[in-house]
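Before any comments, here is the structure.
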Amino acid sequence: MSRWLVVGAKGMLGTDLLAELAPSEPEDSAPDDSELGESPGAHEVTAVDRDEIDIRDPEACLAMVDGHDFVVNVAAWTAVDEAESQEAAAFAVNAVGAANLARACAAARVPMVQVSTDYVFAGDGSSPYSEDAPLAPRSAYGRTKAAGEWAVQALCPQSWIVRTAWLYGAHGPNFVKTMARLAAERDTVTVVDDQSGQPTWTVDLAAAIVRLVEAEAPFGAYHGTSAGETTWFGFAQAIFAELGLDSSRVKPTTTDAFPRPAPRPAYSVLGHEAWRSAALDPLPSWRKSLTRAVPIVVPR
Ligand SMILES: NC(=O)c1ccc[n+]([C@@H]2O[C@H](COP(=O)([O-])OP(=O)(O)OC[C@H]3O[C@@H](n4cnc5c(N)ncnc54)[C@H](OP(=O)(O)O)[C@@H]3O)[C@@H](O)[C@H]2O)c1
């Protein structure tokens, strides 16, 4: 039985991580010998969010980490545009909070997973960013998450940095839900076609994080994004198709036509070599996962 602490457990990824760590339902409810013993890979999970801990408090982190075998930090300031005008507040969570957990993990000798983002890269490349590509964030959010990565690796060498991007899932606001809502409200929906990335289902990422930890994979950076790539426009068309709607109702536009406070990376495609080096499967293709995800993320 391994004891996990999930911090940020009520968030979009945290909720699916808890589901992934929960004991699976037995196929037959009749008791048999296998139910009397402990199943391999069983987890005891402490799930905490802002109500139970503020990761900006170093003492609270020290007290919380003790007694666990693994810590996964999915708590974050995720409001990308708001971070532009409130960078210090975002830094307090994404950098100082991550550092507090990392220091506590190092003191208790507990390995830690720190979830990070594609926004740590410049996003102006033309081939997938490798795990050791230089960090060059262009937004306040990206700077605070890059500082969080640096702090975790400096303070807790027994750590995995898992960078993800374009996340969607059943338990938080996201692009898939927004497209489903707009499809019901409007005849056409206009979506940017000059930003590329990897739509990633929280269920796939949660499973990959658990695989990474249970395999005792080498510590370091991993890219927790789907295989393949598309643009937001291509993603929107695929969502319409999965909803049984006419995807020609989605119209392409450019980033310039949609100004936002935080700059968006034009090219956010991440490479997946570290999974292969660790003899682990990377995440599945974004398109196949979308087919599985849509009925769960947008239930009819
Ligand atoms: N969503 C994406 O597209 C995306 C893309 C790239 C990377 N990521 C990364 O993936 C991870 C998970 O993202 P998500 O979308 O699941 O995030 P989320 O839904 O916003 O969940 C984050 C959770 O952290 C909690 N939290 C915030 N500040 C805290 C604090 N000081 N102490 C304790 N808990 C705090 C939040 O509580 P409140 O709700 O009360 O604030 C929330 O429950 C984050 O590290 C994020 O940076 C996400």
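Whatever order the structure lists ligands and atoms in, that order sets their numbers, starting from 1. Since the model is a prediction, treat every value here as computed from it, not as a measurement.
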Exercise for review: Please check if atom CG in D54 has more than 12 non-hydrogen atoms from other residues, nucleotides or ligands closer than 6.0 Å.
Suggested key: yes

**Study point:** Under the side-chain hydrogen bond (donor to acceptor under 3.5 Å, both in side chains) test, residues paired with R249 that sit two or more places apart
**Key:** none

Point to revise | Counterpart residues, ring-ring contact (aromatic ring centres under 6.0 Å, His included), relative to F258 (two or more places apart) | key: none

Point to revise | Non-neighbouring partners of T15 that pass side-chain contact (heavy atoms from CB on, under 4.5 Å), sequence neighbours left out | key: H171

Exercise for review: Give the ring-plane orientation class for Y129 versus Y267, where under 30° counts as parallel, over 60° as perpendicular and anything between as tilted.
Suggested key: tilted

Please tabulate protein-ligand N/O pairs under 3.5 Å for ligand 1, atom names and distances to 0.1 Å.
residue: ligand 1; atom: 3 (O); partner: L167; partner atom: N; Å: 3.2
residue: ligand 1; atom: 16 (O); partner: M12; partner atom: N; Å: 3.2
residue: ligand 1; atom: 16 (O); partner: L13; partner atom: N; Å: 2.8
residue: ligand 1; atom: 19 (O); partner: M12; partner atom: N; Å: 2.9
residue: ligand 1; atom: 20 (O); partner: T78; partner atom: OG1; Å: 2.9
residue: ligand 1; atom: 24 (O); partner: A76; partner atom: N; Å: 3.4
residue: ligand 1; atom: 28 (N); partner: R50; partner atom: NH2; Å: 3.3
residue: ligand 1; atom: 31 (N); partner: D54; partner atom: OD1; Å: 3.0
residue: ligand 1; atom: 32 (N); partner: I55; partner atom: N; Å: 3.1
residue: ligand 1; atom: 37 (O); partner: D49; partner atom: OD1; Å: 3.2
residue: ligand 1; atom: 40 (O); partner: R50; partner atom: NE; Å: 3.0
residue: ligand 1; atom: 41 (O); partner: R50; partner atom: NE; Å: 3.4
residue: ligand 1; atom: 41 (O); partner: R50; partner atom: NH2; Å: 2.7
residue: ligand 1; atom: 43 (O); partner: D49; partner atom: OD1; Å: 3.0
residue: ligand 1; atom: 43 (O); partner: D49; partner atom: OD2; Å: 2.8
residue: ligand 1; atom: 45 (O); partner: V115; partner atom: O; Å: 3.3
residue: ligand 1; atom: 45 (O); partner: K145; partner atom: NZ; Å: 2.8
residue: ligand 1; atom: 47 (O); partner: Y141; partner atom: OH; Å: 2.7
residue: ligand 1; atom: 47 (O); partner: K145; partner atom: NZ; Å: 3.0

Exercise for review: State, without any angle test, whether S159 and Q114 hold a side-chain donor-acceptor pair at a distance under 3.5 Å.
Suggested key: no

